[in-house]
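Model, not experiment: these values are computed from the prediction.
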Amino acid sequence: MYAQLIEGGTAPDRRARMDRLVSDELVPALEIEPGFAGALNLVDRDSGNAIMIVLWETDAQARRPLAYCGGAFLKALAGVAAISTGTLRPISV
C-alpha cells in the first residue's frame with residue numbers, strides 16, 4: 001500500500017464548506033479511481049489547515065499524473081482548490 005500526503009486548508013470561516021466538498025464530492029470521486037484503498041482527512045479547526053492521507057494499492061497509482069485521473073475527481077479537486085488558502089504544497093508519496 002502507498003500513501004499520498006496532501007497538505008492544504010482554508011480559512012476557518014470556509015472550513016464547513018471545505019468539509020462538505022471533501023466528504024460529498026472528493027472522497028466519492030476517489031472511491032471510483034482505480035487502486036483507491038482509503039483516505040483520512042485531518043483538520044485543525046482553529047487554523048483551517050488540513051492534511052489528507054490517501055491510500056493506493058500500488059506506487060504507480062499513487063504517483064499517476066492528474067491527467068490520468070477521472071473527471072469526477074478532477075472536478076472535486078478544482079472545487080477544493082477554489083476555496084483553498086495559504087501555500088499549497090505538492091502532493092508527496
Side-chain angles (χ1 to χ4, degrees):
M1 191 162 309
Y2 296 83
Q4 288 177 319
L5 179 65
I6 305 168
E7 296 180 66
T10 193
D13 64 324
R14 296 182 187 171
R15 189 71 245 168
R17 183 172 173 214
M18 179 71 82
D19 291 344
R20 281 191 303 277
L21 281 169
V22 169
S23 64
D24 296 348
E25 295 182 31
L26 187 63
V27 171
L30 281 166
E31 289 173 341
I32 59 175
E33 289 293 315
F36 175 75
L40 181 63
N41 194 39
L42 306 170
V43 178
D44 179 336
R45 301 262 168 228
D46 293 331
S47 70
N49 293 331
I51 296 173
M52 181 175 241
I53 300 167
V54 183
L55 303 174
W56 299 96
E57 293 174 1
T58 70
D59 180 57
Q61 290 161 334
R63 295 180 188 278
R64 79 174 151 238
L66 288 176
Y68 293 99
C69 294
F73 173 69
L74 295 175
K75 180 181 176 190
L77 191 60
V80 167
I83 64 169
S84 293
T85 58
T87 304
L88 297 176
R89 293 171 181 84
I91 296 171
S92 57
V93 178

Enquirer: Provide the closest heavy-atom pair for Val22 versus Asn41 in the form atom of the first, atom of the second, distance.
Expert: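 Heavy-atom minimum between the residues: CG1-ND2, 3.9 Å.
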
Enquirer: Report whether Leu40 and Met1 are members of the same hydrophobic cluster (ILVMFWY, side-chain heavy atoms less than 4.5 Å apart, transitive linking).
Expert: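 Yes, because Leu40 and Met1 connect within a single hydrophobic cluster, where side-chain heavy atoms sit under 4.5 Å apart.
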
Enquirer: Do Tyr2 and Phe73 belong to the same hydrophobic cluster, where Ile, Leu, Val, Met, Phe, Trp and Tyr are linked whenever their side-chain heavy atoms lie under 4.5 Å apart, directly or via other members?
Expert: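 Hydrophobic grouping puts Tyr2 apart from Phe73.
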
Enquirer: Is there side-chain contact between Leu66 and Leu77, with heavy atoms separated by less than 4.5 Å?
Expert: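 Yes, side chains in contact.
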
Enquirer: Over all heavy atoms of both residues, which pair between Ala3 and Ile53 is shortest? Give the atoms and the distance, please.
Expert: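 Here Ala3 and Ile53 meet closest at CB-CG2, 4.1 Å.
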
Enquirer: Could you list the residues that satisfy salt bridge (Lys or Arg N to Asp or Glu O under 4.0 Å) with Arg45, not counting sequence neighbours?
Expert: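 Once residues adjacent in sequence are excluded, the partners of Arg45 under the salt bridge (Lys or Arg N to Asp or Glu O under 4.0 Å) criterion are Asp19.
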
Enquirer: Could you pull out the closest heavy-atom pair between Pro28 and Ser23, with the gap in Å?
Expert: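 Smallest interatomic distance, heavy atoms only, reads CD-O, 3.4 Å.
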
Enquirer: Hey, does Met52 have a side-chain heavy atom less than 4.5 Å from the side chain of Leu26?
Expert: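 SC-SC contact between Leu26 and Met52 confirmed.
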
Enquirer: Atom CG in Asp46, atom CZ in Arg15: separation rounded to 0.5 Å?
Expert: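 So the CG of Asp46 and the CZ of Arg15 are separated by 12.0 Å.
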
Enquirer: For Asp24, which residues count as a side chain to side chain contact (heavy atoms under 4.5 Å, CB included) partner, sequence neighbours excluded?
Expert: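 Arg20.
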
Enquirer: I need the minimum non-hydrogen distance between Val43 and Ala50, along with the two atoms involved.
Expert: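 Nearest pair, atom of Val43 first, then Ala50: CG2-CB, 4.1 Å.
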
Enquirer: Determine whether Met18 and Ser84 make a side-chain contact, defined as any pair of heavy atoms from C-beta on separated by less than 4.5 Å.
Expert: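 SC-SC contact between Met18 and Ser84 confirmed.
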
Enquirer: To the nearest 0.5 Å, how far apart are CG in Asp44 and CG in Asn49?
Expert: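 Here the rounded value is 6.0 Å.
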
Enquirer: Quick one, Ile51 and Leu5 - any side-chain contact, counting heavy atoms below 4.5 Å?
Expert: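 The answer is yes; the side chains approach within 4.5 Å.
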
Enquirer: In Å and rounded to the nearest 0.5 Å, what is the CG to NZ distance from Leu21 to Lys75?
Expert: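 The NZ atom of Lys75 is 10.5 Å from CG of Leu21, to the nearest 0.5 Å.
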
Enquirer: Measuring from Gln4:CD to Arg64:CZ, what's the distance to the nearest 0.5 Å?
Expert: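 So the CD of Gln4 and the CZ of Arg64 are separated by 8.0 Å.
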
Enquirer: Using the rule given for side chain to side chain contact (heavy atoms under 4.5 Å, CB included), can you reason through Thr85 versus Arg14, listing the C-alpha separation, both sets of side-chain angles and the distance that settles it, and then say yes or no?
Expert: CA-CA 10 Å; Thr85 58; Arg14 296 182 187 171; 3.8 Å; yes

Enquirer: Closest approach of Ala29 and Ala76, non-hydrogen atoms and distance?
Expert: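 Here Ala29 and Ala76 meet closest at CB-CB, 4.5 Å.
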
Enquirer: With ring-ring contact (aromatic ring centres under 6.0 Å, His included) as the rule and sequence neighbours excluded, what pairs involving residues 29-68 come up?
Expert: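 Only Phe36-Trp56 qualify under ring-ring contact (aromatic ring centres under 6.0 Å, His included).
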
